[in-house]
Structures are given as C-alpha cells and as structure tokens.
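Naming: A, B, ... by sequence-line order, numbering from 1 per chain. Since this is a predicted model, take the numbers as computed values, not measurements.
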Amino acid sequence: MIPPVTVIGIGNPYRRDDGAAASVLARLGPLVDPAQVRLVELDGEPVRLIQSWEGSRSVWLIDAVRSGRRAGSFHEVSAERLEEMDDHGVRLGGGHMMGLSDAVELARVLDCLPQTIRVLGIEGVDFADGVGLSREVDSGCAAAAVHLAAEIEIDLSH
Amino acid sequence: MTHDHRARRFNVEALTRVEGEGGLIVEVRDGEVADVHLRIFEPPRFFEAFLRGRAYSEPPDITARICGICPVAYQMSACQAIESALGVEVDAPLRDLRHLLYCGEWIESHTLHIHLLHAPDFLGYPSGIAMAAEHRFEVERGLQLKKLGNRIVEVVGGRAVHPVNVKIGGFYSTPTTATMAALAEELRAGLDAASEIARWVATFPMPDHELPDGTALVSLRHPTEYPMLGERLVSTTGLDIGVEEYLDHFAEVQVEHSTALHGQMLAGGDYLVGPLARFALNADLLAPRAAGLAAELGLTSAERNPFRSIVVRAIETVHACEVALSIAERYLVPTRAAVPVEAREGIGCGWTEAPRGLLFHRYEIDANGLIADARIVPPTSQNQPVIEHDLIHLIGNSLHLDDAALEHICEQAVRNYDPCISCATHFLDLRVLRS
C-alpha cells in the first residue's frame, strides 16, 4: 500500500544550509506513521522528483530558499507560484537541469500531478561547501518538522 | 544587434550548476571564428581539499555528492583507487554487483539525457516539457526506463540518489535473490524499451558534422567487457596504458578564461572521452543485442559525428540493460558482502567510465588510514578543449545561419558532450553582440 502522503526533501547536505530539507526529514521521521507518510530525500532532479510521489494524493516539497527573510524561518509557497520564485536550475545548492516549477509542469503534462502539492521553504543563510547547518537554520528545521507533522495530521484526518 | 555576419560576439551568461558554473563566449571577426571559450567552474576541486584528513573509508560517500546524476561513477573510481592503495581485491560476485550498479547509472543518466536534454534539440522543441506534450508516449517510455535505472541503483546501492551501500571492499549488504529476480523481470521489459528508444533516436535528423581533424578518442578498454570498470586506457592514437601511468600522459592545465582546469594530452592535441570514444574503441565488446542494433542502425566504430553521440548513448543503454539482466539472472547472494580491509599507507589510482566519460581518482593514504592527498579528474574537464575546438569548427561552417539557428546549433553541439553544464538543459541564454 502506497502511503497517501509523500514528503520530499530537496537539497545537498554538503552545501551547509542546503541540507535543511534533509534535517527536516530526519526530525519528521519519528513524528509520523511510515504507513501513512513516505519520506524521500532527493537532489532536485525533476524526473526522480515526479516519480517519487507516484501513488500519493498529497505531496510536500521541502527545500532551502534564500529570499532575504530571517534565517531559519520557514514559509509555504503555493505550487502555482513556484515559477515566480524558481530560478530554473540555478537553485540554491545546485539543481540539475530544471527547476521545481519545471518538474511540476512536466508532471502536469504527463498527467501525474498529485491532488495537492505544497512547498515549504526554509530560509538559509550559508550555502558554502561543507557540512552542518547554521545555528538559526538548525532551529528552524526543528520547528518546521513539528509544523509539518501537524499539517500532515490534519490532511490525513480528512 | 545588427545582422553583420562578419563581426559577432556570442556571450552566454554564467551558470551555476551542481558541477560548477559554465558559460560560452564566441567571437567572430572578419567573418571567421576568432575564439570560443567554454567557461566552467568545477566544485570537484573543493572536494579534493575537503577529502584531505578524512578516513580512507569516506571518499565513496563524499565524492558521490559531486554529482546527482553520476554518483556511482565517483563511488566506483574512489573504491578502485583506495582498494588499490590498500592492496584489496574484491570477490568476483561483488565486482558483478558493482557492474550492475554502474549499469543502473548508465541507464538512468543516458535516458535522462536523451529524452529531456538532447532529443528536443533534434525534434525542434524549446524544452523537454514542450516535447513531452507532443511526444508523450516516447517521453513516458524513456522515463519508465530511467526509473528502472533508478531501481537498480536503489536495489544495489541502497537508495536511488547518492547511494549509501557502497563501501571500500564491497558493500554493506547485498540484495536477496527474490529482489534480484524481480529486477530481472523488469529488465526484460526494459531491454525491449531501450531497443525501441535506440531505433527512435536513430530517426532524428542529424547535422552533417565531424570532430576536428586530429582529435584523439580516449577510453578505457577491458579484455572482455565494454568498459565501465576499466581496466586499461587506449586511444585512437595508439596509447595503451595502465592506471598508474595516467598522469604520465595526461594533465590538467589552467586557462586564463576559466577557473576550471582543462584536460590535456601531454603528447599534444585534443582528446575526447565519453560515448563516442568508448564506442569507437570498444564496439566489438558490446553485448549481442546492442551490437546487432548498432549494426542495424548503421553505427560503426568509424563514427566521428558528435551529433550521433545520442545514438551511441541509446546503444549503450541497450548494452547496460543486457549486462544488468545477465548479472541479475545469474545472481546468487555472495558469501560475504565485503572483503576485509585494513588501513595502511599507500597510493592508489582508479578509473572507470562515467556516463560522460573517463573519471580518474588518485589517493594518498597515510599510516593512520587518513587521506593525505586526493586528485579527481572528471570527464567534463577533459572534454572542455575539444568542445571549444569543435564549436570553432562548427561555427566556422555555419556562419551563413541567422542568429537563432546558430544559437540553436551551438546549444545542441554543447549537449552532444553531455557536460554537466548541459544538465541545465537549454541553459544557453545566448546573446549575439554585433559590431
């Protein structure tokens, strides 16, 4: 049985705060039921992305972002608005080939969009080479995991 | 902008990619191509410094992070080099599993490149998405095959992205026979799909073009296998060397216009690595169905048209499916997942054939088992000079084209080499400045 919810963390833990999504996934794991929620860590390659949510009705995409907001803060972005903020492959930490909005558009063309896609951006500050999150982002990831667990519980109760 | 074809300057904006920043500048003066500079900034340099002081066991996992598309290549070259330094030889069944893992990566990487990066160029679409809207069957077939590649990497490597099951000496764990039997079943269907993809790709209109005269083709060569895991390096210029001799014949040099190093044959002249070179030097070692298909499609070892690289990639995908199927069908759970490894001081080199071409690693390990020095030569840096010279040649023959057509063929030509910058598909925000 395929879990109805898939949470996909995108990023590269070897680029400091670009590892935010992986950190959120690690923290989210103990808070959710694996039969209900599938956790996937990806690098942003769009085909893997759209194939990783196959069978789920609800999808969360988690990624580090740099928008000038407070480091470690997190905010939800509508999948419909991705194109406005997406930089088509020059995403923080390096996306391969296409941006998130392209992945969503490819899924739409191939009729494999889930019922809902929600995007959670974690504001990063340090994207240099190396491992380890900055202190503010580390704290933000812990809060984001709790937020996500609550949102997923609401979703599953419907 | 003007339309004076005698003086033109193409400037491609800098790019940020997983493997660096790239850009393209083309200058045309007095109706002739004066210069072409392909600029790439390559993070592997950072990884080399990053590796120093790490345990000998870490490079397979760390270097896998260099590229999201070909992590297995980095893992395999790292393992080979470090195992050589430590005097370790893996059991034959474990080598088979590594070969299978590498097949998965070739399938995944080649299929992605063919369908979403390169095919749109040939069929006249601005992007893979636009092509998918009108060629949905072909794109879905391709992406299904790519998924099979992912599946192989997942089964053997532990997960599809940046596999975690590879270790010095072998693997942390090995698949069950039931898992492998299921994989074999998928591969039978995958092999048929791969064959149809090759036939489809061979119908694409191909620009009439050849590599610049004198370009040496360089590839690994194995006595019995189409090369993924080695073992000697050969060239169309007669080179035949072992891995320890690589740095006696090849070097990386700094060039003014790029922070990336350029590969260079010390004997002089450009050289090419990757599918076209592999095929030219190893066509006789293709698996039977791939070999038959290459013959059917008129592909011979004399092929020198870089645009036909897409056909070679499709043939190599068939080959990878065949080899993977063969390994999966005869699979028995190995008696051990890894051979014992003990740290010792040593120097070791390793090389394998990444989807894009030769990937060389060299490590110095100290008596405590820590990396004292690391050297990584990726295929993209090796191909940079030949890409530039090929573009000079191509543009020189194409100056009669208008800006849009010239831009298109430049992009397509860069993607013939599948450099990491081309993973940005249709990235070339090409501007033509005329004087």
Donor-acceptor pair, A:E105 side chain versus B:A130 backbone, under 3.5 Å?
-> no
From B:E140 CD over to A:C112 SG, what is the distance, rounded to the nearest 0.5 angstrom?
-> 7.5 Å
At what distance, to the nearest 0.5 angstrom, does CZ of A:R48 lie from CD of B:E108?
-> 4.0 Å
Going by heavy atoms in the side chains, are B:L116 and A:L106 under 4.5 Å from each other?
-> yes
Structural part of B:H115 lying under 4.5 Å from a heavy atom of chain A | neither
Can you see which heavy atom on A:Q51 is nearest to which on B:Q144, and at what distance?
-> NE2-N, 4.2 Å
Contact check, side chains of A:V109 and B:V139, non-hydrogen atoms, under 4.5 Å = no
For A:D111 and B:R136, the nearest pair of non-hydrogen atoms, with its separation, is OD2-NH1, 2.8 Å
